[in-house]
Amino acid sequence: MTDSLVDPAERLTAIGVISGTSMDAIDVALVTSDGRDAVSFGAGASYPYRDETRRALQAVIADAERASAEPLAELEAAVTADHLAAIRSYAADQRLDFSGVDLVGLHGQTVYHRPQMRFTRQLIDGQAVADALGIPAVDRFRDADVAAGGEGAPFAPLWHRALAQGLEQPVMVLNLGGVANVSYIDGETVIAFDTGPASAILDDFVLRRLGRPYDADGALAASGRVHDDLLAGFMANPFFDRPAPKSLDRNDFHRRAQVVESLSDADGAATLAAFTIESIVASLRHVPRVPKRWLVGGGGRLNRHFMDRLGARLGVPVEPVEAVGWDGDALEAQIFAYFAIRSVKGLPLSLPSTTGVPQPMTGGRLHRPKPNGM
């Protein structure tokens, strides 16, 4: 296998691995594809970080200076070890023989994302993974895009386009992770951008107030009253009028969200959930036609309050991606399996209409296993 000279028609099988901004788990999935339209995928699965790794990550992400400037070699080694453990557990659970796997696509853990500074940082040691598994690994998927002036996110749209063939369009694919992002797909038209906060801002509030990792089924938010004055203040942020594409860091709205600290638990959760809903509705300002359907992935699709309110506000079907046979728990990991294949074939990972990069941009860094681990 050579970096960009792989037979364009050849199908490759790749494992994709990611931990998203919510850091709730390490997701692993398997994809077989020619890197274009031929797509098949196996089961996805999620595996937890060790508690000490997650705590260390949370501390670093909360400290921008450390996240951007410190070497973080020890933390990167811990993240890599947890990713390797997740891959091995996945292979055991799925009875997967690594000899049938051509590539591993490793997104890593984002700890700092500032595209306006042309800087993004994901912790993962692709060479260590390649050596440990004996399989070529691709990492640093976002670096080339950001270095070229792109937002470096969202990175799902080309995978969504591949999956959405045959669906009635235009369709909007919404990912409700730590940050919310959308892919608008209408034939060859693909537009993508981050819409605003999603699970992270509410999860952090619930953790501070109640010691719970998240608002199960949106029950707390559903029991509270939305404070419209605070919601209007959130939505006055100029980010929502900025044209697409655009992206966010996990914590970009956390400082502004502190105004809910004077509210009750239920009202604070209700107001933050309403902020997520209204920021998603505002995404319609930046697409050419009203989508006929919304398909929702990410952990937020399991939040009944989010889903009910979105359906009411958008007035069209809003369904989990499982409604069309996709695996919502595996989508993000599938992206980086698919992108590993596209990377070694020299195919674009991002477009001007998805990240704002000046031209279609490939990316990723290929690591080949060292002979005998040397």
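One N or O on the side chain of Ser199 and one on the backbone of Gly177 form a donor-acceptor pair closer than 3.5 Å. A donor-acceptor pair under 3.5 Å is formed between the side chain of Thr80 and the backbone N or O of Asp125. Remark: side-chain polar atoms of Arg142 are paired, donor with acceptor, to backbone N or O of Gly152 under 3.5 angstrom. Judged purely by atom type and a 3.5 angstrom limit, Asp34 uses its side chain to pair as donor or acceptor with the backbone of Arg36. A donor-acceptor pair is defined here as one N or O able to donate and one able to accept, closer than 3.5 Å; no such pair exists between the side chain of Thr355 and the backbone of Gly150. Under a 3.5 Å cut-off, the side chain of Thr354 and the backbone N or O of Ser350 do not form any donor-acceptor pair. Lys345 places a side-chain N or O within 3.5 Å of a backbone atom of Glu10 that can act as its donor or acceptor partner. Arg118 places a side-chain N or O within donor-acceptor distance of the main-chain N or O of Ala147, the cut-off being under 3.5 Å. Ser343 places a side-chain N or O within donor-acceptor distance of the main-chain N or O of Gly363, the cut-off being under 3.5 Å.
Shortest non-hydrogen contact noted between Pro352 and Pro358 is CG-O, 3.9 Å. Taking each heavy atom of Ala273 and Ala221 in turn, the nearest pair found is CB-CB, 3.8 Å. Nearest heavy-atom pair, Pro157 versus Ala192, reported as atom, atom and distance to 0.1 Å: CG-CB, 3.0 Å. Summarising the geometry of Pro320 relative to Arg301, their closest heavy-atom pair is CB-CD, 4.1 Å, with the distance given to 0.1 Å. For Arg121 against Leu72, the heavy-atom pair with the smallest separation is NH1-CD1, 3.4 Å.
Linking Ile, Leu, Val, Met, Phe, Trp and Tyr whenever their side-chain heavy atoms come within less than 4.5 Å puts Val28 and Leu123 in one cluster. Leu202 and Leu176 fall within the same hydrophobic cluster, where Ile, Leu, Val, Met, Phe, Trp and Tyr residues are linked whenever their side-chain heavy atoms come under 4.5 Å apart, directly or through other members. A continuous path of Ile, Leu, Val, Met, Phe, Trp and Tyr side chains, each step under 4.5 Å between heavy atoms, connects Leu272 with Ile277, placing both in one hydrophobic cluster. A continuous path of ILVMFWY side-chain contacts below 4.5 Å connects Phe306 to Phe205, so both sit in one hydrophobic cluster. A continuous path of Ile, Leu, Val, Met, Phe, Trp and Tyr side chains, each step under 4.5 Å between heavy atoms, connects Ile201 with Val182, placing both in one hydrophobic cluster.
Side chains of Pro154 and Ser183 form no contact here, defined as non-hydrogen atoms less than 4.5 Å apart. For the pair Ser283 and Met172, the minimum side-chain heavy-atom distance is below 4.5 Å. Side-chain contact between Val324 and Leu163 is absent, with no heavy-atom pair separated by less than 4.5 Å. By the 4.5 Å heavy-atom criterion applied to side chains, Glu278 and Leu231 are counted as neighbours. In this structure, His367 and Val104 have side chains that are not in contact, with every pair of non-hydrogen atoms separated by 4.5 Å or more. With a 4.5 Å cut-off on side-chain heavy atoms, Asp93 and Tyr47 count as touching. Side-chain contact between Glu261 and Arg209: present, with at least one pair of heavy atoms (C-beta onward) separated by less than 4.5 Å. Phe239 places a side-chain heavy atom less than 4.5 Å from the side chain of Leu248.
Between atom CE of residue Met23 and atom CZ of residue Arg55 there is a gap of 12.5 Å, rounded to the nearest 0.5 Å. To the nearest 0.5 Å, the span separating CG on Leu167 from CD on Gln165 amounts to 9.5 Å. Note that OG of Ser19 is 9.5 Å distant from CG of Asp82, once rounded to the nearest 0.5 Å. Rounding to the nearest 0.5 Å places CG of Leu158 at 4.5 Å from CG of Leu351. To the nearest 0.5 Å, atoms CD1 (Ile18) and NE2 (His83) are separated by 8.0 Å. Between Leu230 atom CG and Ser262 atom OG the span is 7.0 Å, to the nearest 0.5 Å.
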**Item:** Test log, rule salt bridge (charged side-chain N to carboxylate O under 4.0 Å, His left out), inputs Arg289 and Asp186
**Value:** CA-CA 9 Å; Arg289 295 203 293 157; Asp186 192 3; 2.8 Å; yes

**Request:** Determine, step by step, whether Leu220 and Leu210 satisfy the side chain to side chain contact (heavy atoms under 4.5 Å, CB included) criterion, reporting the C-alpha distance in whole Å, the side-chain angles of both residues, the deciding distance to 0.1 Å, and the verdict.
**Result:** CA-CA 11 Å; Leu220 180 64; Leu210 302 175; 3.8 Å; yes

**Request:** Kindly determine whether Phe155 and Asp145 satisfy side chain to side chain contact (heavy atoms under 4.5 Å, CB included), including the steps that lead there.
**Result:** CA-CA 10 Å; Phe155 256 29; Asp145 182 276; 4.1 Å; yes

**Asked** Please walk me through it: do Ile61 and Asn251 pass side chain to side chain contact (heavy atoms under 4.5 Å, CB included)?
**Response** CA-CA 9 Å; Ile61 289 171; Asn251 293 334; 3.5 Å; yes

**Message:** If you apply the rule salt bridge (charged side-chain N to carboxylate O under 4.0 Å, His left out), what do you find for Asp241 with Lys246, and how did you get there?
**Reply:** CA-CA 10 Å; Asp241 285 321; Lys246 52 188 175 178; over 6 Å; no

**Request:** Assess whether side chain to side chain contact (heavy atoms under 4.5 Å, CB included) is satisfied between Met307 and Val318, documenting all intermediate values.
**Result:** CA-CA 7 Å; Met307 297 293 283; Val318 175; 4.1 Å; yes

**Item:** Verdict with supporting geometry, Ser247 and Asp194, side chain to side chain donor-acceptor pair (under 3.5 Å)
**Value:** CA-CA 5 Å; Ser247 68; Asp194 286 351; 4.7 Å; no

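A salt bridge does not link Arg11 with Asp102: every distance from a Lys NZ or Arg NE/NH1/NH2 to an Asp or Glu carboxylate oxygen is 4.0 Å or more. With salt bridges taken as basic N to acidic carboxylate O contacts below 4.0 Å, one links Arg293 and Glu319.
The 12-atom threshold is exceeded at CD of Glu52, counting heavy atoms of other residues, nucleotides or ligands nearer than 6.0 Å. Residue Arg242 qualifies as enclosed at atom CZ: its count of foreign heavy atoms under 6.0 Å is above 12. At most 12 non-hydrogen atoms from other residues, nucleotides or ligands lie less than 6.0 angstrom from CZ of Arg304. Heavy-atom contacts from other residues, nucleotides or ligands closer than 6.0 Å to CZ of Arg313 number 12 or fewer. Residue-environment remark: CD (Gln116) exceeds the threshold of 12 foreign heavy atoms within 6.0 Å.
Each ring-ring contact (aromatic ring centres under 6.0 Å, His included) pair with one or both residues in residues 241-298, not counting sequence neighbours, appears once here: Phe193-His286, Phe234-Phe275, Phe240-Phe253, Phe240-Phe275, Phe253-Phe275.
Residues satisfying the ring-ring contact (aromatic ring centres under 6.0 Å, His included) criterion with Phe98, sequence neighbours excluded, are absent altogether. Taking the ring-ring contact (aromatic ring centres under 6.0 Å, His included) definition, one finds that Phe141 meets it with Phe336, sequence neighbours left out.
Among Val101, Leu106, Ile26, the single residue meeting the side-chain contact (heavy atoms from CB on, under 4.5 Å) criterion with Ile87 is Leu106. When each of Leu96, Val31, Leu103 is paired with Ile15, the side-chain contact (heavy atoms from CB on, under 4.5 Å) condition holds for Leu96 and for no other.
Within the cation-pi definition used here (under 6.0 Å to the ring centroid, within 45° of the axis), Arg114 qualifies as a partner of Tyr112.
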